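Okay, structure first, notes after.
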Amino acid sequence: ETGVTQTPRHLVMGMTNKKSLKCEQHLGHNAMYWYKQSAKKPLELMFVYSLEERVENNSVPSRFSPECPNSSHLFLHLHTLQPEDSALYLCASSQRVSSTDTQYFGPGTRLTVL
Amino acid sequence: GQQLNQSPQSMFIQEGEDVSMNCTSSSIFNTWLWYKQDPGEGPVLLIALYKAGELTSNGRLTAQFGITRKDSFLNISASIPSDVGIYFCAGQGTERIQGAQKLVFGQGTRLTINP
């Protein structure tokens, strides 16, 4: 399934760097999500965009800043991260207000903060 | 908040054996999803269930939406080496976020297969 793509696949950054993660979905969906997956922890929902409007921010630190310029693209801007932010960051999309909606995930970006 | 209990946490089986895992909750869900995740990759959807009692197959995989809407199971028959990975259940309850999904995820079942 290549419906949701993420770049880069791997990223190593220092605590003072600024970087961005990109997600693109080719499924015609109108809801997009950012998740964080750390070792031995369940998936943590970070942000939700519905019709390009941010509708959920799960107490995520301000060093993570999402952006959704249109229904196909989602970004996660990173600055002054901490080593504990190292994780797999997953993007997903779905069709909102559907009785048979399903979230499809991208391959993730493996982030390492030094 | 809603929680899912997924079991077992890990399984070590021989190739060719059947596998069974399940998720339970004290809350009602309207949708159950089963995903598989390979190392360094994102979860890939295996089976989606939308109606209580629904039994759905995808090749050697079979999943059921519990009649109480509080549980679901996934079975894999005649396991092969490529079945190795982490399997997650996810449920969509009554709460949505401006129409978007709010999935609750299980902790995952790590499947290891001895050839």
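If you're wondering where the values come from, they're calculated on a predicted model, not measured in any experiment. When reading the values below, keep in mind they use all heavy atoms of this one structure, side chains included, and skip hydrogens, waters and symmetry mates.
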(message) Please determine whether the number of non-hydrogen atoms from other residues, nucleotides or ligands lying under 6.0 Å from atom CZ of Arg96(B) exceeds 12.
(response) yes
(message) Counting only non-hydrogen atoms closer than 4.5 Å, does Leu45(B) touch chain A with its backbone (N, CA, C, O), its side chain (CB onward), both, or neither?
(response) side chain
(request) Following the transitive rule for hydrophobic clusters with a side-chain heavy-atom cut-off under 4.5 Å over Ile, Leu, Val, Met, Phe, Trp and Tyr, establish whether Trp34(B) and Ile13(B) coincide in one cluster. (result) yes
(message) Restricting to non-hydrogen atoms, name the atom on Pro42(A) and the atom on Gly106(B) that form the minimum distance, rounded to 0.1 Å.
(response) CB-O, 4.4 Å
(message) Are Val104(B) and Tyr35(A) connected into the same hydrophobic cluster when the rule is that any two of I, L, V, M, F, W, Y join if their side-chain heavy atoms are below 4.5 Å apart?
(response) no
(request) Please indicate whether Gln9(B) has more than 12 foreign heavy atoms, meaning atoms of other residues, nucleotides or ligands, lying under 6.0 Å from its CD. (result) no
(request) May I ask you to decide if Asp101(A)'s main-chain N or O and Gln101(B)'s side chain share a donor-acceptor pair within less than 3.5 Å? (result) yes
(request) Establish, from distance only, whether the side-chain atoms of Gln37(A) and Gln37(B) form a donor-acceptor pair under 3.5 Å. (result) yes
(request) Could you tell me which non-hydrogen atom of Pro43(B) sits nearest to which non-hydrogen atom of Leu43(A), and how far apart they are? (result) CG-CD1, 4.4 Å
(request) Treat each ILVMFWY residue as a node, draw an edge where side-chain heavy atoms are under 4.5 Å apart, and state whether Tyr49(A) and Phe64(A) are in one component. (result) yes
(request) Taking Tyr35(B) for its side chain and Phe105(A) for its backbone only, find out whether a donor-acceptor pair lies under 3.5 Å. (result) no
(request) Look at the side-chain heavy atoms of Ile, Leu, Val, Met, Phe, Trp and Tyr, link any pair under 4.5 Å apart, and say whether Tyr33(A) and Leu27(A) land in one connected group. (result) yes
(message) Is Val48(A) in contact with chain B via its backbone, its side chain, both, or neither, using a 4.5 Å heavy-atom distance?
(response) side chain
(request) Indicate, with yes or no, if Leu55(B) and Tyr50(B) share a hydrophobic cluster defined by side-chain heavy-atom contacts under 4.5 Å among Ile, Leu, Val, Met, Phe, Trp and Tyr. (result) no
(message) Can you confirm whether Thr102(A) sits close enough to Leu103(B) that some side-chain heavy atom of one is under 4.5 Å from a side-chain heavy atom of the other?
(response) no
(request) Tell me, for Ala48(B) versus chain A, whether the close heavy atoms (under 4.5 Å) come from the side chain, the backbone, both or neither. (result) side chain
(request) Write down the atom of Arg9(A), the atom of Gly40(B), and the distance for their closest heavy-atom approach. (result) NH2-O, 3.1 Å
